[in-house]
Each structure stands twice: as C-alpha cells, then as structure tokens.
Amino acid sequence: MGSVTLTGRTMTDTTLTLYHHPFTRAATVVWMLEELGRPYTLRYVDVQSGEQRQPEFRAINPMGKIPVLVDGDVVVTEGAAIGLYLADRYAPGVLAPALDSPARAPYLRWSLFAPSVIEPASMAKSAGWKVPTGQAGWGDYDSVIATMESAIGDGPWLLGENFSMADVIFGSTLRYMLRFRMIEGRPTFEQYVERLSARPAAQAADAKNAAIVAERGLATG
C-alpha cells in the first residue's frame, strides 16, 4: 500500500500505540493490528494497581478503560470503533469494504452487533435481568442466537468469501464467550471460531498476549 498524506504526515510516518493489558478487550486489538501487518507499540497498563483510573490515563480516556489506540494525534477508544478506524484508514478495500460497496452495510451491521447486542444479551441472560423485550435494545436472547447463526451462515466469513475486520470484532466476542461458556456452543459457532483461530494473525496475537501474561507473572486462574 502506498503512503497517503494525512494532515501533513504520511501513513508510513505515524506510530500506532495501543494501551494494553492481556486480560482486557485490548487483547483483541492486538489481533486487529496483526491483521494489518503494520508496526505498533504496546503500552502496558497495570489494571491491577488501578493505573487506568489515574489522572494521567483519564486525560487520554475519561472512562478510565482500555483499549485506547493512539495514532499520531488521533485517540480512539472502544474496541469496535478501533477496529473500524484501523480498517478504514490502513486497509480500505481489504479489511473494510469500499464506501460505495454493498458489502459495507453488513460489514457495519455485524461489527456493531457484537458490542451492542451480543454482549448485553448474554450478560442479561447470565445475570437473570428481567427486562421487557420491547424495551431492551438487544431484544431477546433466543433471537440473538438465531441471528448470529444467520450472520455466519455457510461462511466462511461474515461477508462470504471475504474476511474483514467485522470478523475480528464479531468473532473475537464469540470466541471469548465460547471459551468461558458465556454463550451456548453450536456447531456453526464452533466451526467459525476454529477458522478464526487458524488465522496467522490471530495466532500471533494470542502468542503476544500469552507472552505478556508470562512476563508479568499474571494469574490466569
């Protein structure tokens, strides 16, 4: 990819820095960055000691949460937003459909479905929340599961033959929930996660996150 000038600098000049801890959603952003194939720096945040709640960190993200991606003068938070930003800026037409592509609609749909529907629906079920279906933005759990199966379909990816950042966002959520039995396992889900886990970028990210766990002596139990 050739360099593109943005606000007086080129893409090849920018430095991507991820505020990271391997036990947070920042672990998924490592996968996103590996899919890009661009250099990046991990800035470890000691969440056990509450570093993310200190004034220095809240100056970057007032929510006091990670992941936070810094790209030159740009700050992006929220995992799905980071993924969409990275794909649009650094891999348009590859990890993100072109703006005028019909595939753009399902790409955005399933990217945002993960944090806004899958996560709260699964949490509501596990916590026994009594929320009227018509008032909950995520609807009901059974409909969510059926919709997820429909989204994956025959695959191999959410956009058919074309892997995209939507698969990282949607797929990482499903992969995590299956691992910790937060969502029911179905053949469609398990086979999709197997395909995701076989990707070299996913394996590289898993290895980097595991290395930090070992290096920092973080408890995994």
Side-chain angles (χ1 to χ4, degrees), residues 6-7 9 11-91 95 111-112 114-120 122-124 126-127 165 168-183 196-197 199 201-221:
L6 289 172
T7 62
R9 63 183 187 276
M11 284 188 179
T12 55
D13 292 334
T14 59
T15 300
L16 294 169
T17 299
L18 173 64
Y19 286 76
H20 170 269
H21 189 284
F23 293 165
T24 70
R25 288 174 173 81
T28 296
V29 181
V30 178
W31 179 10
M32 296 172 179
L33 291 165
E34 288 293 326
E35 291 285 355
L36 289 182
R38 293 180 55 82
Y40 61 90
T41 299
L42 296 180
R43 163 69 165 80
Y44 183 80
V45 178
D46 188 348
V47 298
Q48 281 82 1
S49 70
E51 182 182 354
Q52 74 279 14
R53 295 189 294 272
Q54 298 305 310
E56 295 81 3
F57 186 86
R58 286 187 181 272
I60 302 170
N61 182 11
M63 281 293 291
K65 295 175 62 179
I66 53 178
V68 175
L69 180 79
V70 177
D71 181 8
D73 298 329
V74 174
V75 176
V76 191
T77 67
E78 309 307 320
I82 291 172
L84 295 174
Y85 169 82
L86 288 172
D88 277 347
R89 181 167 185 190
Y90 293 107
L95 290 176
S111 293
L112 299 177
S116 62
V117 177
I118 299 174
E119 290 189 24
S122 299
M123 184 174 293
S126 65
M165 190 62 79
V168 181
I169 299 168
F170 182 106
S172 63
T173 300
L174 179 55
R175 191 164 77 139
Y176 180 88
M177 288 187 169
L178 284 177
R179 178 183 176 188
F180 291 99
R181 299 179 181 178
M182 298 169 64
I183 199 167
L196 291 168
S197 298
R199 291 187 65 81
Q203 294 175 356
D206 289 344
K208 286 192 175 184
N209 285 309
I212 293 171
V213 169
E215 176 188 342
R216 296 280 178 171
L218 301 174
T220 57

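Here the structure is a predicted model, which is why all the values come from computation and not from measurement. Computation of the quantities below employed the complete heavy-atom set of this structure, encompassing side-chain atoms and omitting hydrogens, waters and symmetry-equivalent molecules. Nothing fancy with the numbering, it's 1 onward along the sequence.
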Exercise. How about I118 and L174: do any of their side-chain heavy atoms sit closer than 4.5 Å?
Worked result: no

Problem set entry | Atom CD of E119: over 12 foreign heavy atoms under 6.0 Å | yes

Problem set entry | Atom pair CE (M32) and OG (S172), whose distance is rounded to the nearest 0.5 Å | 6.0 Å

Exercise. What distance separates L36 CG from R89 CZ, expressed to the nearest 0.5 Å?
Worked result: 11.5 Å

Problem set entry | Residue pair D71 / Y85, side-chain heavy-atom distance below 4.5 Å | yes

For this session: For residues Y40 and L69, determine if any side-chain heavy atom of one lies less than 4.5 Å from a side-chain heavy atom of the other.
Result: no

Exercise. About how many Å separate CE of M177 and CE of M123, when rounded to the nearest 0.5 Å?
Worked result: 7.5 Å

For this session: Verify the neighbour count for atom CZ of R175: are there more than 12 heavy atoms of other residues, nucleotides or ligands below 6.0 Å?
Result: yes

For this session: For residues Y176 and M182, determine if any side-chain heavy atom of one lies less than 4.5 Å from a side-chain heavy atom of the other.
Result: yes

Between side-chain atoms of residues 55-62 and protein atoms elsewhere (two or more places apart, or another chain), which donor-acceptor pairs fall under 3.5 Å?
from, atom 1, to, atom 2, distance (Å)
R58, NE, R53, O, 3.2
R58, NH1, P62, O, 2.7
N61, OD1, M63, N, 3.2
N61, ND2, K65, O, 2.9

Exercise. To the nearest 0.5 Å, how far apart are CG in L18 and CG in L33?
Worked result: 6.0 Å

Exercise. Would L86 and L16 count as a side chain to side chain contact (heavy atoms under 4.5 Å, CB included) if you check the C-alpha gap in whole Å, the side-chain angles of each, and the deciding distance to 0.1 Å?
Worked result: CA-CA 10 Å; L86 288 172; L16 294 169; 4.2 Å; yes

Exercise. Which heavy-atom pair separates P115 from P120 by the least distance, and what is that distance?
Worked result: O-CD, 3.3 Å

Seminar exercise, completed: On a heavy-atom basis, the closest approach of A114 and F170 is CB-CA, 3.9 Å

Problem set entry | Steps toward salt bridge (Lys or Arg N to Asp or Glu O under 4.0 Å) verdict (E34, R199) | CA-CA 10 Å; E34 288 293 326; R199 291 187 65 81; over 6 Å; no

Exercise. Is the Y44 to H20 ring centre distance short of 6.0 Å?
Worked result: no

Exercise. Which heavy atom in A26 sits nearest to a heavy atom in Y19, and how many Å separate them?
Worked result: CB-O, 3.8 Å

For this session: Look up atom CG in L95 and atom CG in D88, then write down how far apart they are to the nearest 0.5 Å.
Result: 10.0 Å

For this session: Please report the shortest heavy-atom distance between S122 and I183, naming the atom on each side.
Result: OG-CD1, 4.1 Å

Exercise. Just how far is it from atom CZ of F23 to atom CD1 of I66, taken to the nearest 0.5 Å?
Worked result: 11.5 Å

For this session: State, yes or no, whether a side-chain contact exists between R216 and H21 at a heavy-atom distance under 4.5 Å.
Result: no

Exercise. If you take all heavy atoms of L84 and M165, which pair is closest and at what distance?
Worked result: N-CG, 4.4 Å

Problem set entry | Shortest non-hydrogen separation from L218 to P22 and the atoms involved | CD1-CG, 3.7 Å

